[in-house]
Amino acid sequence: MTRRGLCLVIAAPSGAGKSSVSRALLDSEPALHLSVSATTRAPRPGEVEGIHYHFRSMEQFLAMVAAGEMLEHAEVFGRRYGTPRAPVEAALQTGHDVLFDIDWQGHRQLKAALPADVVSIFLLPPGMAELERRLRGRGTDSEAEVTRRMAAARAEISHWDEFDCVLVNDDFTATVDKVRAILRAARCTPARQPGLRDFVAGLLAGG
Ligand code: ADP
Ligand code: 5GP
């Protein structure tokens, strides 16, 4: 019996560090697949089609939703974001764990769609001034975009207690270590080890 993969969701207010944490985790966990979202926002400098996002027009995005091709989708900062269904289902069925960088709305929908598969983490910034500093320090968003994201941060943070685990992303290395520990613990649940029942039966039969 093939092990079914799990869904590791990392959510946070924009700028708290979830992309950086996700990248570090993916570098050290080669078996982890990243779910590449579709979005109607424009690429930032350095972002590559199909690697960071599938960049789509509003018409293309709405057509994907209408065709049932999105596992979840939401409006964030006035733009549309969604998770293409097929790659996620294929990965889970072949025993691969999938990492999701999505917002609280996407987390809610994913948990409703795949309740037995989702393990979720919410990252908090150490402070609101530090969050703003990180957003500006990234250097990729306009002043208006920073203002928009700071206004939305409080709304995102208000959903912190819907998540399985909550981490304050102060020390980066410590945060990545904790996320890795959460993933490894989630891989130890009985549901993720289909051979366990037979192993235990063998143990007991052997006396
Ligand atoms: P998000 O994906 O949540 O929007 P990013 O990963 O792009 O956030 O991080 C925003 C900025 O903050 C980046 O410049 C990143 O290098 C920085 N950053 C992330 N985590 C930390 C941390 N623990 N301490 C200091 N800076 C951080
Ligand atoms: P950004 O524009 O900074 O890449 O992402 C903005 C926000 O959209 C982040 O909170 C990110 O987690 C969220 N997001 C990215 N992809 C998806 C998605 O597929 N679904 C949902 N619901 N949110 C997403």
Side-chain angles (χ1 to χ4, degrees), residues 7-27 33-56 61 64-65 69-88 98-114 118 120-142 144-146 148-160 162-163 167-179:
C7 300
L8 183 68
V9 174
I10 303 185
S14 183
K18 63 187 173 311
S19 307
S20 311
V21 169
S22 299
R23 266 198 302 276
L25 186 69
L26 288 162
D27 283 348
H33 290 207
L34 177 67
S35 167
V36 179
S37 298
T39 182
T40 62
R41 86 153 160 75
R44 294 188 184 121
E47 284 185 333
V48 178
E49 162 64 30
I51 302 276
H52 299 95
Y53 279 105
H54 302 287
F55 296 99
R56 296 291 179 263
F61 188 96
M64 288 177 78
V65 172
E69 292 172 14
M70 295 295 200
L71 194 48
E72 62 76 31
H73 60 96
E75 185 175 320
V76 189
F77 316 127
R79 316 261 163 53
R80 304 296 294 264
Y81 294 82
T83 302
R85 180 189 300 276
V88 174
V98 184
L99 179 64
F100 296 80
D101 173 346
I102 57 178
D103 81 330
W104 68 271
Q105 305 172 84
H107 170 240
R108 258 195 199 171
Q109 293 174 46
L110 202 65
K111 232 169 43 167
L114 302 167
V118 175
S120 61
I121 302 172
F122 194 86
L123 297 185
L124 289 168
M128 295 309 272
E130 171 64 10
L131 182 66
E132 190 163 346
R133 197 189 66 73
R134 287 184 191 174
L135 271 176
R136 284 185 205 289
R138 189 158 66 184
T140 51
D141 294 319
S142 67
E145 191 71 25
V146 169
R148 180 149 56 157
R149 284 169 187 251
M150 280 307 293
R154 286 181 164 75
E156 184 74 26
I157 289 172
S158 71
H159 295 278
W160 67 277
E162 296 174 22
F163 290 76
L167 305 175
V168 177
N169 179 24
D170 193 351
D171 180 89
F172 182 75
T173 307
T175 302
V176 175
D177 283 347
K178 285 176 193 166
V179 170

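One-based numbering, in listed order, for ligands and for the atoms of each. Just so it is clear, the model here is predicted, and its values are computed rather than measured.
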Is a donor on one side and an acceptor on the other found under 3.5 Å between the side chain of R85 and the backbone of M70? yes

If you define the side chain from C-beta out and look only at heavy atoms, does anything of L25 sit under 4.5 Å from L8? yes

Salt bridge (charged side-chain N to carboxylate O under 4.0 Å, His left out) with D171: which residues, sequence neighbours excluded? none

What does the list of residues with a heavy atom under 4.0 Å from ligand 2 look like, ordered by chain and number? K18, S37, R41, R44, Y53, E72, A74, V76, F77, Y81, G82, T83, D101, I102, D103, G106, R149

Verdict with reasoning, E145 to R44, per salt bridge (Lys or Arg N to Asp or Glu O under 4.0 Å): CA-CA 12 Å; E145 191 71 25; R44 294 188 184 121; 5.9 Å; no

Sorted by chain and residue number, the salt bridge (charged side-chain N to carboxylate O under 4.0 Å, His left out) partners of R80 (sequence neighbours excluded) come out as none

Sub-4.0 Å heavy-atom environment of ligand 1, residues by chain: P13, S14, G15, A16, G17, K18, S19, S20, R134, R138, N169, D170, F172

Among M128, R134, R133, which residue satisfies the side chain to side chain contact (heavy atoms under 4.5 Å, CB included) criterion with L131? M128

Plane angle bin for W104 and H159 - parallel if under 30°, tilted between 30 and 60°, otherwise perpendicular: parallel

Tell me which one of V168, I157, N169 satisfies side chain to side chain contact (heavy atoms under 4.5 Å, CB included) with P125. I157

Within the side chain of R148, is there an N or O that forms a donor-acceptor pair under 3.5 Å with the backbone of F77? yes

